[in-house]
Amino acid sequence: MRIESKAQFDSAVRSAKKAAAGRKLDILVCCGTGCLANGSAKVAEAFAAEVEARGLAASVGLFTKKTGCHGFCERGPLVVLKPSGVLYTKVKPEHVPEILDKTVAKGEIITKLLYKNPATKKPVEQYTEIPFYKNQTRVAMRNIGQVDPTDLEDSLAHGAYAGLARALFHKTPEEVIAEVEVSGLRGRGGAGFITARKWRAARKAAGERKFVLCNGDEGDPGAFKDRSIMEGDPHAVLEGLAIGAYAVGAHEGFIYVRDEYPLAVVHLTLAMEQARQRGLLGKNILGTGFDFDVKLSRGGGAFVCGESSALMRSIEGKTGEPRQKYTHATDRGLFECPTVLNNVETWADVGAILEHGGPWFAAMGTEKSKGTKAFSLVGKVKNTGLIELPMGTTLRHIIYDIGGGILDDRPFKAVQTGGPSGGCLPESHLDSPVDYEKLTEAGSMMGSGGMIVMDDRTCMVDVARYFLSFLVEESCGKCTPCREGLKQLLIIYDDLVAGRGKAGDVARIERLAAGMQLGSLCELGKSAPNPVLSTLRYFREEYQAHIEQKACPAGICRDLTAYEIIPEDCNGCHACFRACPADAITGEPKKAHTIHQGRCIACGACYTACPTDAIRFFPKVALAAAASGQGGAS
Amino acid sequence: MNSISCADGQPMEAILERHPREEASLIQVLQDVHRAYNYLPCDVLVQVAEALDVPVAKVFSVATFYKAFSLDPQGKTIIKVCTGTACHIRGSGQVIEEITRQLGIGPGQTTSDMGFTLKTVNCVGACAMAPVLIVGDQVHGGVKPAKVAKALNQEGPRDAH
């Protein structure tokens, strides 16, 4: 039924809450992409089938809910029991009857399914007690993992559209902008532009037709917060867009979703239909006379389309080439009309800000970076997943307290933020607080929240080369500094990793990078040298090793690295033999094995597989030296 | 799964009906065409150009700009190896090498029996499970070269019938 007044909205929320309260026990099965890949759909089916077979819905009010990403993807499939808050990890369908028999029926905890705190080795019952969750503050991701993203009623029970109702019933558009201004909200897509300023400019711009756009083209490799928000709480995005549209005077909106995010498209489309049916989108929203509707635009798989002007061209059905910004999009954007473009996370923050007030949001964070920020914590870290924290949290807290430290307790080397526009920060920056300014000062940037942790087995020259090869593919090719600069840089890096580096390469890299920063048309080109420059700034000695000694200190660049087995440390367990893809290892069980250098492709699989650290790597040049009788290997 | 019959030109009409006949629909139409045919056949692109009243050159510029589009027929099963940063540092390169060893195709190539096409994707947003391999619809996380064969075989029989 359509909601057509404040009274009707309040009563709809009341009845949604009442229905939720009637569900005495909820079993939340995480159906985010990570858990789905680990088989959570089967777990959810098994729960639904068992609950039905046992008639538990009627007898004890037990329901199964498929939710969005809980964030703790490393331990999936995840199951949370509400209201007790017990979290079970790595749940399989065969565990389902046991969970119902013991935990649901008798309140017994199944210890083997609990998360074990690696620091204390003790199992943790409540998910709120797990350091990964305990240290988080969720705003944009407030309902993810709590609500069923395909059920509007469930979202309403959890406070969805309360911010929109407050905006439409109690505030003028100017007051909405003022509220967002007080909150200090800045763009969560990475650049950190002040949201209220953007909105005000679009509100003041001349023109009848205006647009609000949601940038869901999360292209930074290593970032997936927007994906999880769109999949796990699509109504938060729609609510934010509707509030923004009301504030700037727009009646049309687009959500631009990345081609690689099919589940986000499904959930958003469904959410839009449900919101329209209830009068939360479309004509005469909540009976206030305000009209606003949203269309979904699927991207074509081009990184550059995350850039604002390219994104708008792509929605217009054109190739996603950026244009020069003589005028702001807030004056002339999509179809030449005033346009506000914000990131998914920004829009998701808006509803909460209108519901709880600007000062509430501004109370969190640092002086210039207010509120919370979502990150995807990935790479060589123990607890990988999705997190949200107040701005200003230190990298050390994020990586060690929430992330649980480095995988296999190896030494930390760097953390990469900001994707291909960002940079790699070394250990000396671990204690600096994360906000827009601090990251930019350090030569990186906020970007879309990807935080990739790297250990000593990551080569920084290889990482810079990786981003260059990414950007060479993704540069649209319109302007020369970006197109040619990237290509020339990549040629130099291909030489570096292959042992063909020469004196003067570093200076050449720096000259090219400076030219690109100065001359490129859009931010993709201007920021493209950041991964290169930040690795040069903090890890110059690795470049020197590649150029002067023809050595890769991390043992990653294959043309520069060789492996050998230390016979006295080898227990002959055969693990390296099984791991080797090139049949380069021989040896009898329980006797020392040997790597045959002629066949070895230096992939390092044996090094990773060896349980006794009996494999070491050394610069390949030593092999040639040994062969010519000038000295021993390494 | 993707094989809507295209012999009688039916899907084209159905696709065009779903979208307003204007330039802004171009990408959405091409996406639907791609889903129906598993690639963008040249003659269909010409039809799209006429239907939307857009120059053929423009249709081709869009079709070749975006990674989601292929002008060559694709294999029955698409294999995607994620090469996002997290996957890269956790060894996606070795996964690609292993697939190449098994199927004899590199990224962007299709096996001669049209069974598989191998693609690399910049990031599928499942970084917590790096390295990620997607065979058809099946997402595999934490993939080691030794697990590749199993992942490919799982898809094999299902597609055979």
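All values derive from a computational prediction rather than experimental measurement.
- Contact of A:Lys225 with chain B is not made at all, since no heavy-atom distance falls under 4.5 Å.
- Between B:His140 and B:Lys147, the closest side-chain pair of non-hydrogen atoms is not below 4.5 Å.
- Atom NZ of A:Lys478 has more than 12 heavy atoms from other residues, nucleotides or ligands within 6.0 Å.
- Of the atoms belonging to A:Phe303, not a single heavy atom falls under 4.5 Å from chain B.
- Applying the 6.0 Å contact sphere to CG of B:Asp113 captures more than 12 heavy atoms from other residues, nucleotides or ligands.
- Of the atoms belonging to B:Gln31, heavy atoms from both backbone and side chain fall under 4.5 Å from chain A.
- With A:Ser444 contributing its side chain and A:Gly423 its backbone, the two residues share a donor-acceptor pair below 3.5 Å.
- Residue A:Arg578: no heavy atom, backbone or side chain, is found under 4.5 Å from chain B.
- Across A:Gly604, A:Gly320, A:Pro581, the residue that shares the most heavy-atom pairs under 4.5 angstrom with chain B is A:Gly320.
- With a 4.5 Å cut-off on non-hydrogen atoms, B:Ser61 touches chain A through its backbone and its side chain both.
- Using modelled atom types and a 3.5 Å distance limit, the side chains of B:Gln94 and B:Glu98 yield no donor-acceptor pair.
- Side-chain atoms of A:Thr269 come within 3.5 Å of backbone N or O of A:Val265 as a donor-acceptor pair.
- Proximity to chain A involves both the backbone and the side chain of B:Val62, based on heavy atoms less than 4.5 angstrom apart.
- Nearest heavy atoms, A:Cys603 versus A:Arg558: CB-NH2, 3.6 Å.
- Sparse packing is recorded around NZ of B:Lys144, with 12 or fewer heavy atoms of other residues, nucleotides or ligands lying under 6.0 Å away.
- Among A:Ser376, A:Ala605, A:Ser297, A:Gly385, the residue with the largest count of heavy-atom pairs under 4.5 Å with chain B is A:Ser297.
- Below 4.5 Å, heavy atoms of chain B meet heavy atoms from A:Thr33, A:Gly34, A:Ala37, A:Asn38, all part of residues 30-38 of chain A.
- The contact between B:Glu97 and chain A is made entirely by side chain atoms (from C-beta outward), counting heavy-atom distances below 4.5 Å.
- Both tests do not hold together for A:Arg75 against A:Phe132: distance to the six-membered ring centre under 6.0 Å, angle to the ring axis within 45°.
- Heavy atoms closer than 4.5 Å to chain B are found in the side chain of A:Phe467, but not in its backbone.
- Heavy-atom pairs under 4.5 Å with chain A peak, among B:Ala68, B:Ala128, B:Gly84, at B:Ala128.
- Taking 4.5 Å as the limit, some side-chain heavy atom of A:Asp455 sits within range of a side-chain heavy atom of A:Thr458.
- Only the backbone of A:Val453 comes within less than 4.5 Å of a heavy atom in chain B; its side chain stays farther off.
- Counting heavy-atom pairs under 4.5 Å between each of A:Lys380, A:Glu321, A:Arg227, A:Arg298 and chain B puts A:Arg298 at the top.
- Contact annotation for A:Ile315: only backbone heavy atoms (N, CA, C, O) come within less than 4.5 Å of a heavy atom of chain B.
- For the set A:Gly379, A:Ala223, A:Gly219, the count of heavy-atom pairs under 4.5 angstrom toward chain B peaks at A:Gly379.
- Looking at A:Glu473, the atoms closer than 4.5 Å to chain B (heavy atoms on both sides) all sit in the side chain, from C-beta outward.
- For A:Leu386, no part lies under 4.5 angstrom from a heavy atom of chain B.
- With a 4.5 Å cut-off on side-chain heavy atoms, A:Met451 and A:Thr417 count as touching.
- Proximity to chain B is limited to the side chain of A:Glu474, based on heavy atoms less than 4.5 angstrom apart.
- In the displayed structure, A:Phe577 atom CZ is contacted under 6.0 Å by at most 12 heavy atoms of other residues, nucleotides or ligands.
- For A:Cys476, the parts sitting under 4.5 Å from any heavy atom of chain B are the backbone and the side chain alike.
- In this structure, the side chain of A:Tyr466 engages the main chain of B:Thr83 through a donor-acceptor pair within 3.5 Å.
- Of the possible donor and acceptor atoms, none in the side chain of A:His267 sits under 3.5 Å from a partner among the backbone N and O of A:Gly232.
- Highest contact tally toward chain B, considering only A:Ala579, A:Gly300, A:Gly301, is held by A:Gly300 [criterion: heavy-atom pairs under 4.5 Å].
- Within 6.0 Å of the NZ atom in B:Lys80, the count of heavy atoms belonging to other residues, nucleotides or ligands does not exceed 12.
- The main-chain N or O of B:Pro20 is found under 3.5 Å from a side-chain atom of B:Ser25 such that the two form a donor-acceptor pair.
- Using a 4.5 Å cut-off on side-chain heavy atoms (C-beta onward), A:Leu524 and A:Leu471 make contact.
- The most heavy-atom pairs under 4.5 Å with chain B, out of A:Met454, A:Arg258, A:Glu260, come from A:Arg258.
- Both the backbone and the side chain of A:Ser314 come within contact range of chain B, each with at least one heavy atom under 4.5 Å from a heavy atom of that chain.
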